[in-house]
**Q** 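The structure under discussion is supplied below as structure tokens; questions concerning it will follow.
Start at 1 and go down the list; that is how both ligands and their atoms are numbered.
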Amino acid sequence: MKNINVGLIGFGTVGSGVVKILQERKKFLKDKIGAEIILKKICDKNISGKRPVSVEKSMLTSNAGDILNDPQIDIVVELIGGIKPAGDFIRQALLKGKHVVTANKALLAEEGQELFDLARERGRNIYFEASVGAGIPVIKAVREGLVANKFQGVFGILNGTSNYILSEMSHENCSFQKALADAKKRGFAEANPALDIEGIDSAHKLILLVYLCFGRFVALKDVFVEGISRISLMDINYAREIGWQIKLLAIAKKSGDELEVRVHPTLVPMEHPLASITGINNAIFVHSDLVGNLLFYGPGAGWLTAASAVVSDIVDLTKDIRAGLFKPTLNIIPDQSVRRIEKIDEIESRYYLRFMTEDKPGVLGNVSGILGKFGISIASVNQKERKKAGVVPIVMVLHEAKEKNIRMALERINKLPTIEDKALAIRIEETF
Ligand code: HSE
């Protein structure tokens, strides 16, 4: 029986979780898979810092080469995050014949195509379950459980921090800034929280889901990304009054031979399951042709949550290695029916539009005149009570319109002398 040696690069929050699970569930895992997983070495820049787990000093190194060049190590687990040097470590591990486990969604979104190609050439695998939805086994479900399916769409709440902020604002009636400060205190935001609130982290994860579901690696520059920093408590409350919840949604859907890939705040009907996802939870709603609609739901951040997914990858690779399986097992083939990625300007959607304006005769007429000029039809208008001297919020729901037209109309509306601040438009998603 071959036992499997693991080298861990990155002894931070998730790394500590992996160590804890491998220490405390050693026998449990051995009984399940019939092989022992031995954590041989751990590398981190800072090996003397305090951690929630203790390990023998002799296992620790600050030189990644001690893991990458160790011929006895079968699996390298990369948990340092970021692009450099994480990508170089993974390349070196593959070149040295090791399998790789990573949770690094940013790296895979940017360099994944090259890294997966290298792994294929070398007959090695890269598993990355923790990179999307932390412990929710959505990657395994898509690549294995749904292997016979073709996909029409994926709609995900993929960033726990943003979802926490939006749901705190909604439930606690608090400001964006207060909810963000709470999220930071709780420690699930990225080192740079702009990645969370500006939608980039969701886009990284969406790129990976698109790769798994549609077999295409979409470049980050081709994903339309808009974050939640302009969403105010007022919008959350107005949206709720008219039956919608605001969510930061990552959307990939096929329309004809085109694929829309975008991340933005979205009005979701209150009765849709995604509307009820609160706190740091993530949820991925998948349209598959044989099974139909599936919802994967659970905590999208947290040390043991993500570590659970990392260990599941280590176990899968252990099984591959013991079976002598040196073939990529991601089961990914390009969806030939997708011919291009649709440009954001071309998408059609209904919109929620909110602007702050002076309470004067003719204001609504001017705004609706501009919308009319661009062929945009208004479904409903609601003028709110006057809040501060002379300025009132007006909320409109628009019928289906082309993004390009909305953009041009907003440019004009924002130039009206009666409009304070920039108008806010939020896309409405109903077709899922
Ligand atoms: N910052 C991420 C989130 C953590 O808030 O979802 C896991 O990727």
**Q** Report, in ascending order of atom number, the atoms of ligand 1 lying under 4.0 Å from any heavy atom of Lys205.
**A**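 So the answer, numbered in order with elements, is 2 (C), 6 (O), 7 (C), 8 (O).
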**Q** List ligand 1 atoms under 4.0 Å from Gly160, heavy atoms only on the residue side.
**A**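 This gives 3 (C), 5 (O), 6 (O) as the contact atoms.
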**Q** Are any of the heavy atoms in Ala134 under 4.0 Å away from ligand 1?
**A**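 Flag not set, Ala134 not near ligand 1.
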**Q** Parallel, tilted or perpendicular for Phe116 and Phe217, by the 30°/60° rule?
**A**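 Ring orientation, 0 to 90° scale: tilted.
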**Q** Just to be sure I'm reading this right: ignoring hydrogens, which of Val132, Asn159, Ile197 gets closest to atom 3 (C) of ligand 1? Compare them by their nearest heavy atoms.
**A**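 Selected option, by shortest heavy-atom distance: Asn159.
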**Q** Does Asp196, backbone or side chain, put an N or O under 3.5 Å from an N or O of ligand 1?
**A**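 N/O-N/O distance under 3.5 Å: yes.
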**Q** Distance from Ile376 atom CD1 to Met408 atom CE, nearest 0.5 Å?
**A**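 CE of Met408 is found 8.0 Å from CD1 of Ile376.
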**Q** Return the closest protein heavy atom for atom 5 (O) of ligand 1 as residue, atom name and distance.
**A**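 Ranked first by proximity to atom 5 (O) of ligand 1 is Thr161 OG1, 2.6 Å.
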**Q** Working to the nearest 0.5 Å, report the span between CD of Glu260 and NZ of Lys343.
**A**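 One finds 13.0 Å between CD of Glu260 and NZ of Lys343.
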**Q** Can you name the atoms of ligand 1, numbered from 1 with element, that are less than 4.0 Å from a heavy atom of Lys105?
**A**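 Result: 7 (C), 8 (O).
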**Q** Side chains of Ile426 and Tyr351: closer than 4.5 Å at any heavy-atom pair?
**A**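 No - every pair of side-chain heavy atoms lies 4.5 Å or more apart.
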**Q** Taking the six-membered ring for Trp, are the ring centroids of Phe155 and His287 within less than 6.0 Å of each other?
**A**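 Yes: the rings meet the under 6.0 Å criterion.
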**Q** Aromatic contact between Tyr211 and Phe128, with the criterion being ring centroids under 6.0 Å apart: yes or no?
**A**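 Centroid distance Tyr211-Phe128: not below 6.0 Å, so no.
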**Q** If you have a sec, work out which protein heavy atom is nearest atom 2 (C) of ligand 1 and how many Å separate them, to one decimal?
**A**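 Residue, atom and distance for the closest contact: Glu190 OE2, 3.1 Å.
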